[in-house]
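Everything on this sheet refers to the single structure shown next.
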Amino acid sequence: MPSRAVWRPQWWAWALLGLASLALVPELAPGRLSGHGLILTPLLVLAGVLVLRWLWERPPAATMCAAIVLTIFSGAWRQVGLGGLPFDRLLIIVVLLQFVLRAPGIARLPRLQVRNVHLLMCLTIMYAAGSAAVAGTLVSETGFLALLDQFGVVPFAMFLLAPAIFSGDRERQLLLATLVGLGAYLGLTAIFESLGPHALVFPHYIVQVDSQLSGERTGGPFQASIAEGLATFSCAVAATMAFVQWRGQRKQLFAAVVAPLCLFGSFLTLERGVWLGAGAAIVVTAAATRTGRRWLPAGVVVAVLLAGAVLVAIPSLEHKASTRAHDATTVWAREDQISAGLRMLAAKPLLGFGWNRYESDSLEYFRESASYPMEGYALGGFGVPGKPLPLHETYLAYAVELGLVGALLWLATLLWGVGQALRGSASASLRPWKLGLLAVTTCFLVIGVVNPYQAPFPMLLLWVWAGVALGGVPQRVPRPSVALARAASCPT
């Protein structure tokens with residue numbers, strides 16, 4: 001594949017970048033330049049610049065895989081002990097700059113292809129940003145980051161870049177290995193969180209957060225059981241793909257262990273929405289293939305028997321699952337939230353209340369039922385008003401905040417982008433990724449019916465996966481016969 005012109009900064013440009021970064025330290029983290037930090041901080045800045053220069057020369061696939069892995073700690077960098085520096089976002093910025101500034105690492109990648117769905121994505125983002133600006137939440141940290149990570153700015157950008165980044169089989173195998181390895185970590189962490197020993201949970205802040213979740217649910221590094229459930233299920237899908245594609249007994253054995261480990265981790269979240277989403281995804285994906293349809297009935301029977309055996313073997317888990325399955329409080333909370341959301345939608349149906357305004361504007365729309373106590377919000381203290389919990393219905397949440405116009409734009413973007421990826425290139429190497437995308441998307445759509453919109457990791461992984469399944473468009477290289485004919489016709 002022919003290479004393109006690239007920009008390779010001189011040594012003094014990297015030196016200026018290091019000095020500028022060091023000059024910003026007193027503003028961003030004043031305490032970093034005192035005591036031992038007076039020596040350590042400049043060394044860390046120097047190391048960061050050297051790493052950035054090294055990444056600049058490399059293809060972005062490895063950087064993107066590292067960003068995906070680090071996104072599981074998004075919002076928890078201070079708890080990890082790294083001072084709140086968002087390493088996941090920094091790596092994503094590096095990938096974006098590689099394309100914008102034509103880094104040497106992208107010289108031989110296919111050119112980006114802008115499709116109609118990307119234009120719809122731009123329109124959707126501009127609408128949501130305008131809604132946030134009018135509502136006054138665009139400049140707030142929560143509103144801005146939610147728009148950036150959860151709604152779609154970064155995920156949509158990755159959908160544009162992923163077909164080029166993972167255009168080769170080697171790059172796709174790197175992503176697959178990354179997801180399988182991540183699945184091993186998430187699955188084992190979920191087991192250690194729920195069943196012990198807690199001393200093996202890393203980082204340890206996960207245990208502290210889990211103690212605040214009702215019903216002893218596992219939330220993993222995401223600090224949210226919903227994100228943990230969708231992430232572990234996605235990694236189980238990747239491990240299943242790896243088991244089929246990889247060659248070598250050790251690799252296949254590792255993938256064969258990771259897949260059920262991740263599925264068990266999804267179960268340990270004790271989230272009924274995750275259970276429903278995973279079950280629906282498995283059935284839909286199996287029904288999409290001839291082999292899957294043949295083995296689906298037997299697979300369902302085996303899965304039920306295994307689940308029953310696990311619950312019998314681990315009485316504490318059976319008690320947790322049973323308690324969670326029969327917990328009516330969460331059902332009441334969802335009913336109250338949906339009722340309040342529908343009242344808000346009726347009040348402002350077209351444009352909504354504004355991005356990220358549900359929690360601040362919804363209290364007056366709650367009504368107490370005659371048959372059960374009011375739920376769906378956190379009780380306040382003396383003189384402190386109650387704060388509603390996030391609306392546990394993704395589609396209604398978008399309709400309340402962005403109106404029917406914004407919600408339909410977001411849903412159309414999701415269905416169009418994923419649908420185009422599923423119907424795209426019929427290459428045999430992309431077929432497993434398309435089936436995996438069908439499973440992940442089905443789980444995502446089902447979970448959205450009973451839970452709030454997702455954390456950064458599930459959104460990022462969904463759109464990167466869709467971009468991989470869509471496939472890159474290789475650069476056109478003249479056929480030898482055409483090239484020879486052109487050369488013969490040229491005057492000497």
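Under the side chain to side chain donor-acceptor pair (under 3.5 Å) test applied with Gln79, the options Gln208, Gln223, His204 reduce to a single match, Gln223. Here the options are Ile125, Leu415, Thr394, Leu402, the test is side-chain contact (heavy atoms from CB on, under 4.5 Å), and the partner is Trp410; only Thr394 passes. Exactly one residue among Leu230, Ile447, Val440 makes a side-chain contact (heavy atoms from CB on, under 4.5 Å) with Pro458. That residue is Leu230.
For Gln337 (side chain) and His392 (main-chain N/O), a donor-acceptor pair under 3.5 Å exists by modelled atom type. When atom types are taken as modelled, the side chain of Gln245 and the backbone of Gln173 share no donor-acceptor pair closer than 3.5 angstrom. Using modelled atom types, one side-chain atom of Glu193 and one backbone atom of Gly220 make a donor-acceptor pair closer than 3.5 Å. Side-chain atoms of Glu271 do not come within 3.5 Å of backbone N or O of Gly273 as any donor-acceptor pair. Not a single donor-acceptor pair under 3.5 Å links the side chain of Lys434 to the backbone N or O of Arg423. In this structure a side-chain-to-backbone donor-acceptor pair under 3.5 Å is present from Thr232 to Gly229. Judged by distance alone, with hydrogens and angles left aside, the side-chain atoms of Thr269 form a donor-acceptor pair with the main-chain N or O of Ser266 at under 3.5 Å. Between the side chain of Tyr205 and the main chain of Trp77, no donor-acceptor pair closer than 3.5 Å is present. Although no hydrogens or angles enter the test, the distance criterion places no donor-acceptor pair under 3.5 Å between the side chain of Thr137 and the main chain of Ser140. With hydrogens and angles disregarded, a donor-acceptor distance shorter than 3.5 Å links the side chain of Trp275 to the backbone of Phe267.
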Side chain to side chain contact (heavy atoms under 4.5 Å, CB included) for Leu109 and Ile106? Distances and angles first, verdict last.
CA-CA 5 Å; Leu109 294 183; Ile106 70 161; 4.0 Å; yes
Check the pair Ser194, Thr218 against side chain to side chain donor-acceptor pair (under 3.5 Å), reporting the backbone distance first and the verdict last.
CA-CA 6 Å; Ser194 180; Thr218 60; over 6 Å; no
Let's go through Asn451 and Arg334 carefully: what are the C-alpha distance in whole Å and the side-chain angles of both, what is the deciding distance for side chain to side chain donor-acceptor pair (under 3.5 Å) to 0.1 Å, and is it a yes or a no?
CA-CA 9 Å; Asn451 287 289; Arg334 282 170 171 79; 3.1 Å; yes
Show the numbers, then the answer: is there a side chain to side chain contact (heavy atoms under 4.5 Å, CB included) between Leu408 and Tyr395?
CA-CA 9 Å; Leu408 290 176; Tyr395 312 103; over 6 Å; no
Which is it for Val464 and Leu161 under the side chain to side chain contact (heavy atoms under 4.5 Å, CB included) test, yes or no, and what are the steps along the way?
CA-CA 8 Å; Val464 169; Leu161 302 183; over 6 Å; no
Given the rule in the side chain to side chain donor-acceptor pair (under 3.5 Å) test, do Arg115 and Gln113 qualify, once you have shown the distances and angles that lead to the verdict?
CA-CA 6 Å; Arg115 297 173 168 86; Gln113 184 181 22; 2.9 Å; yes
Between Leu396 and Leu391, does a side chain to side chain contact (heavy atoms under 4.5 Å, CB included) hold up when you go through it step by step?
CA-CA 8 Å; Leu396 181 59; Leu391 178 53; 3.9 Å; yes
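More than 12 heavy atoms of other residues, nucleotides or ligands lie within 6.0 Å of CZ in Phe366, so this atom counts as buried by the packing criterion.
What you find for Gly471 and Leu430 is that their closest heavy atoms are CA-CD1, 3.8 Å. In plain terms, the two heavy atoms of Phe166 and Glu171 that are nearest each other are CD2-O, 3.4 Å. Contact between Pro155 and Asp149 at its shortest, heavy atoms only, is CG-O, 3.5 Å. In terms of heavy-atom proximity, Ala227 sits nearest to Ala455 at CB-CB, 3.9 Å. When all heavy atoms are compared, the tightest approach of Cys262 to Ala236 is CB-CB, 3.6 Å. Smallest separation of non-hydrogen atoms from Glu393 and Val449: CG-O, 3.0 Å.
Considering only heavy atoms from C-beta on, Phe457 stays 4.5 Å or farther from Leu462 through its side chain. Gln150 has its side chain out of reach of Leu145: every pair of non-hydrogen atoms, C-beta onward, lies at least 4.5 Å apart. Taking the side chain as every heavy atom from C-beta outward, Trp56 and Leu97 approach each other to under 4.5 Å. With a 4.5 Å cut-off on side-chain heavy atoms, Leu200 and Leu188 do not count as touching. Inter-residue side-chain proximity for Met64 and Val94 is flagged as unmet; no heavy-atom pair is nearer than 4.5 Å. Considering only heavy atoms from C-beta on, Ile282 comes within 4.5 Å of Phe233 through its side chain. Under the 4.5 Å side-chain criterion, counting only non-hydrogen atoms from C-beta, Trp246 is in contact with Leu176. Counting only heavy atoms from C-beta outward, the side chains of Thr142 and Asn356 approach each other to under 4.5 Å.
His118 has its ring centre less than 6.0 Å from the ring centre of Phe159. Checked against the 6.0 Å centroid threshold, Tyr398 and Phe151 count as a close aromatic pair.
How far CH2 of Trp416 is from CG of Leu411: 13.5 Å, rounded to the nearest 0.5 Å. Put simply, CG on Leu186 and CD1 on Ile191 are 11.5 Å apart, with the number rounded to the nearest 0.5 Å. Separation of atoms OG (Ser427) and CZ (Arg431) is listed at 11.5 Å; rounding is to 0.5 Å. For the atom pair CH2 (Trp465) and OG (Ser234), the distance works out to 6.0 Å, reported to the nearest 0.5 Å. A distance of 11.5 Å separates CD1 of Ile165 from CG of Leu174, quoted to the nearest 0.5 Å. Expressed to the nearest 0.5 Å, how far CG of Leu414 lies from CG of Leu409 amounts to 12.5 Å.
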Please table the atom pairs, donor to acceptor, closer than 3.5 Å between any side-chain atom in residues 65-74 and protein atoms at least two apart or in another chain.
| unit_1 | atom_1 | unit_2 | atom_2 | d |
| --- | --- | --- | --- | --- |
| Thr71 | OG1 | Ala67 | O | 2.5 |

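Not counting sequence neighbours, the partners of Ala259 by the side-chain contact (heavy atoms from CB on, under 4.5 Å) test are Ala239, Thr240. With sequence neighbours excluded, no residue forms a salt bridge (Lys or Arg N to Asp or Glu O under 4.0 Å) with Arg172.
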